[in-house]
Amino acid sequence: MSDKNVTENFITQIIDADLESGKHSQVMTRFPPEPNGFLHVGHVKSICLNFGLAEDYQGLCNLRFDDTNPAKESIEYAQAIQRDIEWLGFKWNDKVMYSSDYFDQLYAYAIELIEKGLAFIDEQSPEEIREMRGDFTHPGVNSPFRDRPIEESLDLFKRMKAGEFEDGQMVLRAKIDMQSGNLNMRDPIIYRIKRAHHIRTGDQWCIYPMYDFTHCISDALEGITHSNCTLEFADHKPLYDWVLDNITIDCHPHQIEFNRLNQTFTMMSKRKLNELVEQDVVDGWDDPRMPTVSGMRRRGYRPQSIRQYAKKSTVTRKPSMIPMSMLEDCVRQDLNASAPRIMGVLNPLKLVIENYPEGESEMITAHNHPMDESFGTRELPFGRELYIEADDYKEGANRKFFRFTEGREVRLRYAYYLTCQKAIKNEAGEVIELRCTYDPATKGGCSEDGRKVKGTIHWVSAEHADDVELRLYDRLYNVVSPKGMDDLNPDSLKVLENAKLEPGIVEKSEGVQYQLERTGYFFRDKTHEKDKPVFNRIVTLRDSWARQEQTEEQK
RNA sequence: UGGGACGUCGUCAAGCGGUAAGACACUAGAUUUUGAUUCUAGCAUUCGCAGGUUCGAUCCCUGCCGUCCCAGCCA
């Protein structure tokens, strides 16, 4: 695997060409989030692209908060975003930047446009402006204020800044072309009056610049070489260029649009994600089912795997839909190599070894990783009474089923061969206990006679196991491209309150991803329920048996 | 019906005029004290369609078809 963050793509080709032609000698990118919500997987692609490009080309990447709409933005969001980027393992250049750092310069550039006769104050109402803008089939109509004297616009703009007018009473518009087929060029608004407390400038301003005016100038002021944004901004590029071409500035970054990351069964709308939080459909922005960076972190994904995923979701200009299985594959690959193995039982079924002496117990040696000896071994208590997985017993099972059924011999991982003698049922006919016998000559899990035992199951000592709560997550939505609440998966969370974990794990589990052998990867959650520690299932193991069973059911 | 973009396997995607990489998914088999991992094999005679240029086109040209984005004083 290459040590690059970014795989070769059309943007790296542009950069290579720019470096070779001498247009640039260093790469300067930026990641420009608006602090109005949490970062999600979609943003990760942009983060990995921009910060990754900077790393790969030994350039720099700015973190710049695009904070030009005080009505929606908060310090808390800005802090969460910084934490997420750091957790992903990226470092921004110098200090954190803010578009608001440039408010004075932006204002001066607006004045320059007015003085050049390229911007004017429009006193039409929002409704009038919308109507006059026209639509896809009809060209726009010039505002009656479009040709007002420069001095008048200048005066009004200064008074706008001074707070002499009401919100919405007037706006500053660039004078471009009301006939343009590109709506963005039909005299776009570049400044509006908005009295709202700004996260950095407080109440210093009552006018705020719009995105199209702010973004290009901020990029230029920072000396950005390649301004990468998502496809939907392609229509804004002519405006990006127009602004920089018409003001006095010596830098003109290259805006390049790439495809955003869409993922199956995943909601990427910040607004709709926020609804889930607001309506308590999920347990906050960091609910382990959320596609947010904080959600994935809480669930137990490691940054390496998320980065790997971003790298695989290639940068092109074609709108794409990445299957969630791609993400899961990255997570499994990472965890398979890095997670110590332990044993835990999701749905405990009691098992009694009839020929094992009562009141006695012994220690069993288990490997912490099957492929990596550096993980070492551990000692596990074993005794007469154990818990095994309820699914590991099946009444009247055929030979394809490798686990317990009456009369069948099965290996308990690292321990002994056990033969199931009898299943005890309650009045409802449910199996509540297995009575087994063990072969003392098979300690460690092998026999000298070379007897074949196909199945190996996990277990915990009933006396020593820890009680834990396990939370099993499934996709949050049932639909490939979810649109709203109707598409939610009612079974996205399954809580197992009576799970058992081998002893010695709970105390040292914080921040460690474990594999519960045969069932999946788990990670300690920040919450505690009824004195029981909680673990989140990060992802299941591949289960070809479950798949086989399923296809046979379908037959 | 205006403007912008995009169409290569189920999903991503390489390919840049010389005869279709790779990944995920899927299927079959081998190994296995996790039905995990690993391994092996299979998986587009064809690149939206139709013409044209060329000895030769997924790559160039023309036309058509299809999909996506844009009508916030949001970003």
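Letters A, B, ... are given to chains in the order of the sequence lines, protein chains preceding strands, and every chain is numbered from 1. Since the model is a prediction, treat every value here as computed from it, not as a measurement.
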Quiz item: Using a distance-only test with no angle check, is there a side-chain donor-acceptor pair under 3.5 angstrom linking Asn368(A) and Arg341(A)?
Solution: no

Quiz item: Reckon Gln124(A) touches a base, only the sugar-phosphate, or nothing at all at heavy-atom distances under 4.0 Å?
Solution: base

Quiz item: How would you label the contact of His215(A) with the nucleic acid (heavy atoms, under 4.0 Å): base, sugar-phosphate, or nothing?
Solution: nothing

Quiz item: Which part of the nucleic acid does Asp212(A) contact within heavy-atom distance under 4.0 Å: base, sugar-phosphate only, or nothing?
Solution: nothing

Quiz prompt | Pair His43(A), Arg260(A): side-chain N/O donor-acceptor within cut-off below 3.5 Å | solution = no

Practice problem: Report yes or no: is there a donor-acceptor pair, N or O only, under 3.5 Å between the side chain of Asp235(A) and the base of G3(B)? | Solution: yes

Practice problem: Check for a donor-acceptor pair, side chain of Arg133(A) on one end and backbone N or O of Asp187(A) on the other, with a separation under 3.5 Å. | Solution: no

Quiz prompt | Lys270(A) versus Asn36(A), side-chain donor and acceptor atoms under 3.5 Å | solution = yes

Quiz item: With sugar-phosphate meaning primed atoms plus P, OP1 and OP2, does Met343(A) contact a base, only sugar-phosphate, or nothing at under 4.0 Å between heavy atoms?
Solution: nothing

Quiz item: Is the phosphate of A25(B), meaning OP1 or OP2, less than 4.0 Å from a side-chain N or O of Arg547(A)?
Solution: no

Practice problem: Kindly state which residues belonging to residues 33-41 of chain A come within less than 4.0 angstrom of RNA chain B, counting heavy atoms of the residue only, listed by number. | Solution: Glu34(A)

Practice problem: Have a look at Arg411(A) and say if it touches a base, only the backbone sugar-phosphate, or nothing, with a 4.0 Å heavy-atom cut-off. | Solution: base

Quiz item: Do His236(A) and Tyr240(A) have ring centres separated by under 6.0 Å?
Solution: no

Self-check item: Heavy-atom donor-acceptor pair, His236(A) side-chain to A75(B) base, under 3.5 Å
Solution: yes

Practice problem: May I ask you to check whether Phe103(A) and Trp205(A) place their ring centres under 6.0 Å from each other? | Solution: yes

Quiz item: Which part of the nucleic acid, if any, lies within reach of Leu412(A) when heavy atoms closer than 4.0 Å are counted: base, sugar-phosphate only, or nothing?
Solution: nothing

Quiz item: Any idea which of U34(B), A13(B), G3(B) is nearest the Ser320(A) side chain?
Solution: A13(B)

Quiz item: Using a distance-only test with no angle check, is there a side-chain donor-acceptor pair under 3.5 angstrom linking Asp334(A) and Gln304(A)?
Solution: no

Quiz item: Looking only at side-chain N and O atoms, does Lys318(A) come under 4.0 Å of OP1 or OP2 in U8(B)?
Solution: yes

Quiz item: Can you tell which of A71(B), C6(B), C74(B) lies closest to the side chain of Leu183(A)?
Solution: A71(B)

Practice problem: Looking at every strand, decide which applies to Lys400(A) at a 4.0 Å heavy-atom threshold: base, sugar-phosphate, or nothing. | Solution: base

Exercise. Look at the side-chain N and O atoms of Lys194(A) and state whether any lies under 4.0 Å from the OP1 or OP2 oxygen of C74(B).
Key: yes

Self-check item: Atom-to-atom span, CZ of Phe10(A) to C1' of A13(B) - whole angstrom
Solution: 14 Å

Practice problem: Verify the distance criterion only: is there a donor paired with an acceptor across the side chains of Arg307(A) and Asn5(A) at less than 3.5 Å? | Solution: yes

Quiz prompt | Interatomic distance at C1', A75(B) relative to U67(B), whole Å | solution = 25 Å

Quiz item: Expressed in whole Å, how much space separates the C1' atoms belonging to U58(B) and U45(B)?
Solution: 14 Å

Quiz item: Base, sugar-phosphate, or nothing: which does Thr519(A) touch, judged by heavy atoms less than 4.0 Å apart?
Solution: nothing

Self-check item: Modelled atom types, side-chain donor and acceptor of Gln255(A) and Ser227(A), under 3.5 Å
Solution: no

Quiz item: Will you find, in the side chains of Asn69(A) and Lys194(A), an N or O donor that is under 3.5 Å from an N or O acceptor?
Solution: yes

Practice problem: Check every strand shown and say whether Phe401(A) touches a base, only sugar-phosphate, or nothing at a heavy-atom separation below 4.0 Å. | Solution: base

Exercise. Mark yes when over 12 heavy atoms from residues, nucleotides or ligands other than Arg148(A) sit less than 6.0 Å from its CZ; otherwise mark no.
Key: yes

Practice problem: Tell me what Thr540(A) touches on the nucleic acid: a base, only sugar-phosphate, or nothing, going by heavy atoms under 4.0 Å. | Solution: nothing

Quiz item: Reckon Lys312(A) has a side-chain N or O less than 4.0 Å from the OP1 or OP2 of C12(B)?
Solution: no

Quiz prompt | Nearest-angstrom distance, P atom, C59(B) to C49(B) | solution = 11 Å

Practice problem: Report yes if a side-chain nitrogen or oxygen of Asn336(A) is closer than 4.0 Å to either non-bridging phosphate oxygen (OP1 or OP2) of U34(B); otherwise report no. | Solution: no

Quiz item: With no hydrogens and no angle check, do the side chains of Tyr521(A) and Gln513(A) hold a donor and an acceptor under 3.5 Å apart?
Solution: no

Quiz prompt | Contact under 4.0 Å: Arg542(A) side-chain N or O vs U37(B) OP1/OP2 | solution = yes

Quiz item: Using a cut-off of 4.0 Å on non-hydrogen atoms, how would the nucleic acid contact of Thr316(A) be classed: base, sugar-phosphate, or nothing?
Solution: sugar-phosphate

Quiz item: Does the ring of Tyr211(A) lie flat against the base of C74(B), closer than 5.5 Å centre to centre with planes under 30°?
Solution: no

Quiz item: Looking across every strand, which nucleic acid part, if any, lies under 4.0 Å from Arg130(A) by heavy atom: base, sugar-phosphate, or nothing?
Solution: sugar-phosphate

Quiz item: Across the strands shown, which category fits Phe233(A) at heavy-atom distances under 4.0 angstrom: base, sugar-phosphate, nothing?
Solution: base

Quiz prompt | Near-parallel close stack of Phe402(A) and G35(B) base (under 5.5 Å, under 30°) | solution = yes

Self-check item: Check: Asp235(A)/Asn182(A) side-chain N/O donor and acceptor closer than 3.5 Å
Solution: no

Quiz item: Which dot-bracket string fits RNA chain B when only Watson-Crick or G-U wobble pairs with both atom distances under 3.5 Å count, crossing pairs get [ ], and | stands for a partner on a different strand?
Solution: .(((((((.[[[..)..(...]]].(((((.......))))).....[[[[[..)....]]]]])))))).....

Quiz item: Can you tell me if CD on Glu379(A) sees more than 12 non-hydrogen neighbours from other groups inside 6.0 Å?
Solution: yes

Practice problem: Can you tell me the distance, in whole Å, between the CD atom of Gln333(A) and the P atom of G22(B)? | Solution: 16 Å

Exercise. Under 4.0 Å from any atom of RNA chain B, heavy atoms only: list the residues of residues 321-332 of chain A that qualify, in numerical order.
Key: Met321(A), Ile322(A), Pro323(A), Ser325(A), Met326(A), Asp329(A)

Quiz item: So, is Arg317(A) close to the A5(B) phosphate, meaning a side-chain N or O under 4.0 Å from OP1 or OP2?
Solution: no

Practice problem: With P as the reference atom in both, quote the distance from G48(B) to A13(B) in angstrom, rounded to an integer. | Solution: 14 Å

Self-check item: Test item: Ser180(A) side-chain N/O and Asp177(A) main-chain N/O as donor-acceptor pair under 3.5 Å
Solution: no

Practice problem: Classify the nucleic acid contact of Gln13(A) as base, sugar-phosphate or nothing, counting any heavy atom under 4.0 Å across all strands shown. | Solution: base

